[in-house]
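Since the structure comes first, as structure tokens, the remarks are kept for the end.
These numbers come from the heavy atoms of this one structure, side chains and all, not from hydrogens, waters or symmetry mates. Naming convention: chains lettered A, B, ... in sequence-line order (proteins, then strands); numbering from 1 in each chain.
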There are 2 protein chains.
Amino acid sequence: MQLTRSVKHDPKQRLDEIIVKLRELNFRITPQRVAILRIFLNSQDHPSVEQVYAQVKADFPSTSLATVYKTVNLLKEVGEILEISFAGGGNRYDGIKPYPHPHLICTTCNKIMDSEIGLVDQIANELEQTSGYRIVSHQIEFFGTCPACQKK
Amino acid sequence: MQLTRSVKHDPKQRLDEIIVKLRELNFRITPQRVAILRIFLNSQDHPSVEQVYAQVKADFPSTSLATVYKTVNLLKEVGEILEISFAGGGNRYDGIKPYPHPHLICTTCNKIMDSEIGLVDQIANELEQTSGYRIVSHQIEFFGTCPACQKK
DNA sequence: TCTTTATAGATAATAATTGTCAACAATCGA
DNA sequence: TCGATTGTTGACAATTATTATCTATAAAGA
Ligand SMILES: [Mn+2]
Ligand SMILES: [Mn+2]
Ligand SMILES: [Zn+2]
Ligand SMILES: [Zn+2]
């Protein structure tokens, strides 16, 4: 069960690839979709829908929040962004590493960091053996205080 | 960073202990609270607020949903139930093991199983070293199909 | 360019949860 | 045990995040 895969992140190349993919799936390439996709591909900080909405409106003032939600769902369904959901506030998204991976979340400033843990696939394998579940995904989050917030 | 602790689960004893604790914190011991607490202490299946509501109404028909939510929040705050939240539907709760621990979630029947992974504390320690975060909690969920649902 | 039809934007609807407040009842002290 | 105090309940309004609906529009292919 290989849940993760390594992807060298090149926003421009991925934008092109995803556009081709969407076209193949008979989705239309609208300026709104491209703008939202660009924002995801260039955000290191796991933005929320509201944050994407604010950004896209800067370039494209007529965009509606519903369109952002619809595009987010579309990109989720085609596997090009990862949804991170947890208690307290809305979901966050990762457009750079769209496959399941662990996160470190600062409960003070809400910053979300990627964290590499090599053991995840082994753990998933073990769990499959011992539990009989067929594991297809995971969500692993560690909560705490980031270095910056500790200095206060 | 010892996030987990082992607790031998004895519903009756824990009920008494929690009641003493709540009284010490100047919370009143109402029949509704005791009823809700009993349900949590005797549920192996990580019930939702709605499920607890349905159960408590069987014995106590006048109970309101708001009271269930308030009691859930109270028990969360005093650390006697664990909240499990993920995309798709409401939160689920564990009143038997109220400390962070990994779960296996069936995306077909929504069953949630506890899963023991010894490595969690080591991973948390490693992450603290490499990231500088001070980790205080975690949420680890594996999604897949349970054995029963695979047979269909 | 023309036609088809998926999509955008406006807005209503929904789901989950939280806030408000008056009547009530758990607790404690006399 | 009684009575005063004040935290809690239950009804319901409000909020937050998200999804559904619908019509004008515009992307894509002929
Ligand atoms: Mn990430
Ligand atoms: Mn559990
Ligand atoms: Zn922080
Ligand atoms: Zn199942």
Side-chain angles (χ1 to χ4, degrees), chain A residues 18-39 46-78 81-93 110, chain B residues 15-16 18-39 46-78 81-93 110:
Chain A
I18 295 170
I19 286 174
V20 168
K21 180 176 182 176
L22 290 175
R23 226 189 283 274
E24 279 170 357
L25 293 167
N26 290 314
F27 293 111
R28 293 187 180 171
I29 309 306
T30 66
Q32 293 89 339
R33 283 180 175 168
V34 175
I36 292 166
L37 192 41
R38 276 217 169 81
I39 291 166
H46 305 86
S48 66
V49 167
E50 284 293 341
Q51 287 171 325
V52 172
Y53 179 52
Q55 275 195 61
V56 75
K57 279 188 88 171
D59 289 328
F60 227 97
S62 71
T63 309
S64 80
L65 184 56
T67 296
V68 180
Y69 272 105
K70 286 172 202 159
T71 304
V72 163
N73 281 325
L74 172 62
L75 295 175
K76 247 197 308 179
E77 272 161 32
V78 301
I81 63 174
L82 176 77
E83 185 173 71
I84 306 166
S85 58
F86 48 92
N91 295 337
R92 305 275 292 264
Y93 298 88
N110 293 313
Chain B
L15 180 64
D16 291 341
I18 295 170
I19 286 176
V20 168
K21 180 177 182 176
L22 290 175
R23 226 189 281 276
E24 279 171 355
L25 293 168
N26 289 315
F27 293 109
R28 293 187 180 171
I29 309 306
T30 65
Q32 293 88 338
R33 282 180 175 168
V34 174
I36 292 166
L37 192 40
R38 276 217 169 82
I39 291 166
H46 305 87
S48 66
V49 167
E50 283 294 341
Q51 287 171 325
V52 172
Y53 179 53
Q55 275 196 62
V56 75
K57 280 189 87 172
D59 290 328
F60 226 96
S62 70
T63 310
S64 80
L65 185 56
T67 296
V68 179
Y69 271 106
K70 286 169 197 161
T71 303
V72 163
N73 280 326
L74 172 63
L75 294 176
K76 246 197 309 180
E77 272 162 31
V78 301
I81 62 175
L82 176 78
E83 186 172 72
I84 306 165
S85 58
F86 49 91
N91 295 336
R92 305 275 292 263
Y93 298 88
N110 293 314

Rounded to whole angstroms, how far apart are CZ on B:Arg33 and C1' on D:dT9?
9 Å
May I ask you to verify whether the side chain of B:Lys70 and the base of D:dG7 hold a donor-acceptor pair under 3.5 Å?
no
Can B:Asn73 and B:Lys76 be counted as having a side-chain donor-acceptor contact under 3.5 angstrom?
yes
A:Gln32 side chain N/O closer than 4.0 Å to the phosphate oxygens (OP1, OP2) of D:dA26?
no
Round to the nearest Å and state the distance from B:Phe27 atom CZ to D:dT6 atom P.
17 Å
Nearest-angstrom distance from the residue atom CG of B:Leu74 to P of D:dT8:
8 Å
Does B:Ser64 have a side-chain nitrogen or oxygen under 4.0 Å from the phosphate oxygens OP1 or OP2 of D:dA11?
no
Whole angstrom value for the distance that separates P of D:dA28 from CD1 of A:Ile29
6 Å
Between B:Arg23 and B:Ile29, is there a donor-acceptor pair closer than 3.5 Å when you use the side chain of the first and the backbone of the second?
no
Is the phosphate of D:dT6 approached by B:Arg28 (side-chain N or O, under 4.0 Å from OP1 or OP2)?
no
Does a side-chain N or O of B:Thr30 approach OP1 or OP2 of D:dT9 to a distance below 4.0 Å, or not?
yes
Rounded to whole angstroms, how far apart are CG on A:Leu65 and C1' on C:dA13?
15 Å
Output for pair (B:Leu65 CG, B:Glu50 CD), nearest 0.5 Å, gives 5.0 Å
Rounded distance in Å - NZ (B:Lys76) to C1' (C:dT17):
10 Å
Checking B:Arg92 side chain against B:Asn110 main chain: does a donor-acceptor pair fall under 3.5 Å?
yes
N/O (side chain, B:Thr67) to phosphate O (OP1/OP2, D:dG10) under 4.0 Å:
yes
Look at the side-chain N and O atoms of B:Asn91 and state whether any lies under 4.0 Å from the OP1 or OP2 oxygen of C:dT17.
yes
Looking only at D:dT19, D:dT9, C:dT7, the nucleotide nearest the A:Asn73 side chain is D:dT19
CG-CD1 distance between B:Leu74 and B:Ile36, expressed to the nearest 0.5 angstrom:
9.5 Å
What is the distance from CG of A:Leu37 to P of C:dA8, rounded to the nearest Å?
13 Å
Assert: residue with more 5' nearest nucleotide on DNA chain C, out of A:Asn26 and A:Thr63, is A:Asn26
Any side-chain N or O of B:Tyr69 under 4.0 Å from OP1/OP2 of C:dT17?
yes
Within this structure, what is the CZ-to-P distance between A:Arg92 and D:dA17, rounded to whole angstrom?
12 Å
Counting the atoms with a prime plus P, OP1 and OP2 as sugar-phosphate, which does A:Pro31 contact under 4.0 Å by heavy atoms, base, sugar-phosphate, or nothing?
sugar-phosphate
